[in-house]
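One structure is given below, encoded as structure tokens.
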Number of protein chains: 2
Amino acid sequence: MKSEKVTRAAPARRRQWYEDACAAAHALDLLGERWALLVMRELMFGPRRFNELRARLPGLSANVLTQRLDGLEAAGVLVRRRLPPPASAQVYELTAWGLESEPIFQALGRWAARSPAHDPSLPFSAASLLLSLRTMLDAERAAGLEARIGLLLDGESYLARLSHGTIAIEPGPVEGVQLILDGAPRSIAAVLYGGQSLAALEQDGALRLSGDRALAERLVTLFPLPPKAEV
Amino acid sequence: MKSEKVTRAAPARRRQWYEDACAAAHALDLLGERWALLVMRELMFGPRRFNELRARLPGLSANVLTQRLDGLEAAGVLVRRRLPPPASAQVYELTAWGLESEPIFQALGRWAARSPAHDPSLPFSAASLLLSLRTMLDAERAAGLEARIGLLLDGESYLARLSHGTIAIEPGPVEGVQLILDGAPRSIAAVLYGGQSLAALEQDGALRLSGDRALAERLVTLFPLPPKAEV
DNA sequence: CTGTATCCGTGTTGATACTG
DNA sequence: CAGTATCAACACGGATACAG
């Protein structure tokens, strides 16, 4: 009959779960579906709207994004929020617990960076780059460095503060910085991880650099990649 | 022409990949398929045969297990190996790089242990329990403790050595130990994580304990669970 | 006995088009 | 802009049949 949409029957649980008490298996129940972790990744540096997520995740279709957002909201990983009236748009934002998933990305990233099959020439989102900076910073090499660096990625600005061998990154205006890097995330990655020279990418116009060039030259030494695994 | 099945154009890759340069996304390309990580989990404490894996992963069907083993082998995460003649069985064994995935389990487990939806009363494999011990040991509380403990889980024996706030676990005979715990992984988990008393489980027959009982009482204080997340 | 392959019913995933 | 509807393709899981 027509009456209501019985979209989902009784039992609430929409998927076959692993039925396993292991906490890691439970994590996979919550965010092991395809695209779920990448949606979370795109929310790690602040709330995003539906179409911002779509734009940053090419290949993810609208209906699947809807399903993932529903599932992650039900899991308590993110919340929908409506921005105050002038904007009045709906955004998706990680909960405090959702934000605590960062070590998962770090573990995955550190491990896969050693994969022989890893291809760094693919599309690269700003969130990926920023997460990789936090993951790959070599605390020893950065130990003595105090610096404020501005990053302009995909038209948004972020502020990175290096201090005592740690790096803090947040979205925001690039004020009071010693150095500004402006370019596509993959260009910055090419310099930090791919061994490309700053000068070459500036020549290309792929990267714009202003401020303390010596700091930039030091910066590119602070994110060593692990060696590839033997297989 | 008709000759072969043009199922998919050129590229050989059997699945849609994320097409994302982010290393974490690449990790998900390699081991993000359903069951893949759980198969790896079951191999973390030594090689296993096909049917051992099946027995430890109820719900995973034979054909899917074959596919996952193929995929993980292609990724360089595990290798097939044939045991020397008397046994002459084929086993699956993690490569050195595959073993390095442990931090992924730890990050997933630590995070999901805070999930409000986590249900520790489900089936629990020996590998899950052993991994959780390495994940959850509180280094400070264990700092002064030197101990050798035998674990008999699902008919196999493991040796755990506590020293300087760390725990090493390997399969092997329980020789020269101060304490032996013999019971289903979930019974041990009930004691370590569920706050159940040793005495009660012994009474049930769910757990057999021999050796230094004071050590056992101390042991159960060394693996504190994080608080549940607010959502 | 161990491991793999094939068939099939079902549910999940994904692309396109469409609606508030 | 933010999703929903529809439908095709595929992945999963169970059973069973096959190979060493």
Side-chain angles (χ1 to χ4, degrees), chain A residues 2 4-20 28-29 31-39 42 47-73 78 80-83 85-93, chain B residues 5-9 13-20 28-29 31-39 42 47-74 78-93:
Chain A
K2 58 300 101 131
E4 83 273 66
K5 30 204 9 212
V6 232
T7 43
R8 105 186 10 174
R13 262 74 178 286
R14 332 148 310 167
R15 196 208 193 195
Q16 301 135 141
W17 302 67
Y18 282 119
E19 299 289 340
D20 190 310
L28 297 172
D29 284 336
L31 40 77
E33 286 178 307
R34 196 161 155 75
W35 293 106
L37 276 165
L38 299 200
V39 171
E42 293 304 320
R48 293 283 180 201
R49 325 185 15 176
F50 191 90
N51 279 5
E52 289 180 307
L53 292 172
R54 284 204 72 182
R56 284 161 178 76
L57 295 168
L60 171 58
S61 59
N63 57 356
V64 174
L65 178 53
T66 300
Q67 290 170 220
R68 291 301 164 273
L69 291 170
D70 287 348
L72 292 172
E73 184 180 27
L78 58 79
R80 307 167 125 76
R81 197 158 54 81
R82 189 158 286 282
L83 293 180
S88 184
Q90 185 163 239
V91 293
Y92 299 87
E93 181 172 31
Chain B
K5 29 204 12 212
V6 235
T7 43
R8 101 183 14 174
R13 261 76 175 283
R14 338 146 304 168
R15 197 210 191 194
Q16 300 134 144
W17 302 66
Y18 282 119
E19 299 288 339
D20 190 311
L28 297 172
D29 285 335
L31 39 78
E33 285 177 307
R34 193 162 156 75
W35 294 107
L37 276 165
L38 300 200
V39 170
E42 293 304 321
R48 291 284 180 201
R49 316 177 171 196
F50 191 89
N51 280 4
E52 289 180 307
L53 292 171
R54 284 203 73 183
R56 284 160 178 75
L57 296 169
L60 171 58
S61 59
N63 55 0
V64 174
L65 178 54
T66 299
Q67 288 170 219
R68 289 302 165 273
L69 291 170
D70 288 347
L72 292 171
E73 184 180 27
L78 59 79
V79 292
R80 306 165 126 74
R81 197 157 56 81
R82 188 157 288 281
L83 292 181
S88 183
Q90 185 164 236
V91 293
Y92 301 87
E93 181 172 32

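Protein chains get the first letters and strands the later ones, always in sequence-line order, with residue 1 at the start of each. Computed from a predicted structure; not experimentally measured.
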**Asked** Where the side chain of B:Trp35 is defined as all heavy atoms beyond and including C-beta, which of D:dG13, C:dT4, D:dG3 is the nearest nucleotide?
**Response** D:dG13

**Asked** Any idea which of D:dC12, D:dG13, D:dA2 is nearest the B:Ser61 side chain?
**Response** D:dG13

**Asked** What integer distance in Å separates A:Trp17:CH2 from C:dG11:C1'?
**Response** 16 Å

**Prompt:** Is the phosphate of D:dG13, meaning OP1 or OP2, less than 4.0 Å from a side-chain N or O of A:Tyr18?
**Reply:** no

Nucleotides 15-20 of chain D: which of its N/O atoms have a protein N/O under 3.5 Å away?
none

**Item:** A:Glu33 CD - C:dG11 C1' separation (whole Å)
**Value:** 12 Å

**Item:** Spacing between B:Arg49 atom CZ and C:dC1 atom C1', to the nearest angstrom
**Value:** 9 Å

**Complete:** Separation of C:dT4 atom C1' from B:Leu53 atom CG, nearest Å, is 15 Å

**Prompt:** What is the distance, rounded to the nearest whole Å, between atom CZ of B:Phe50 and atom P of C:dT4?
**Reply:** 6 Å

**Complete:** Applying side-chain contact (heavy atoms from CB on, under 4.5 Å) to B:Glu93 and not counting sequence neighbours gives B:Pro47, B:Val79, B:Arg81

**For B:Asn51, all residues meeting side chain to side chain donor-acceptor pair (under 3.5 Å), sequence neighbours excluded** = none

**Request:** Sequence neighbours left out, what passes salt bridge (Lys or Arg N to Asp or Glu O under 4.0 Å) with B:Arg48? Give chain and number order.
**Result:** B:Glu52, B:Glu156

**Message:** Please report the distance, rounded to the nearest Å, between CD in B:Glu19 and P in C:dG14.
**Reply:** 13 Å

**Message:** Checking contacts here: which listed nucleotide (D:dG3, D:dG13, C:dT4) is nearest the side-chain heavy atoms of B:Arg34?
**Reply:** D:dG13

**Request:** Could I get the full list of side-chain contact (heavy atoms from CB on, under 4.5 Å) partners for B:Ala62, not counting sequence neighbours?
**Result:** B:Phe50, B:Arg54

**Fill in**
side chain to side chain donor-acceptor pair (under 3.5 Å) filter on B:Ser61, not counting sequence neighbours, yields B:Asn63

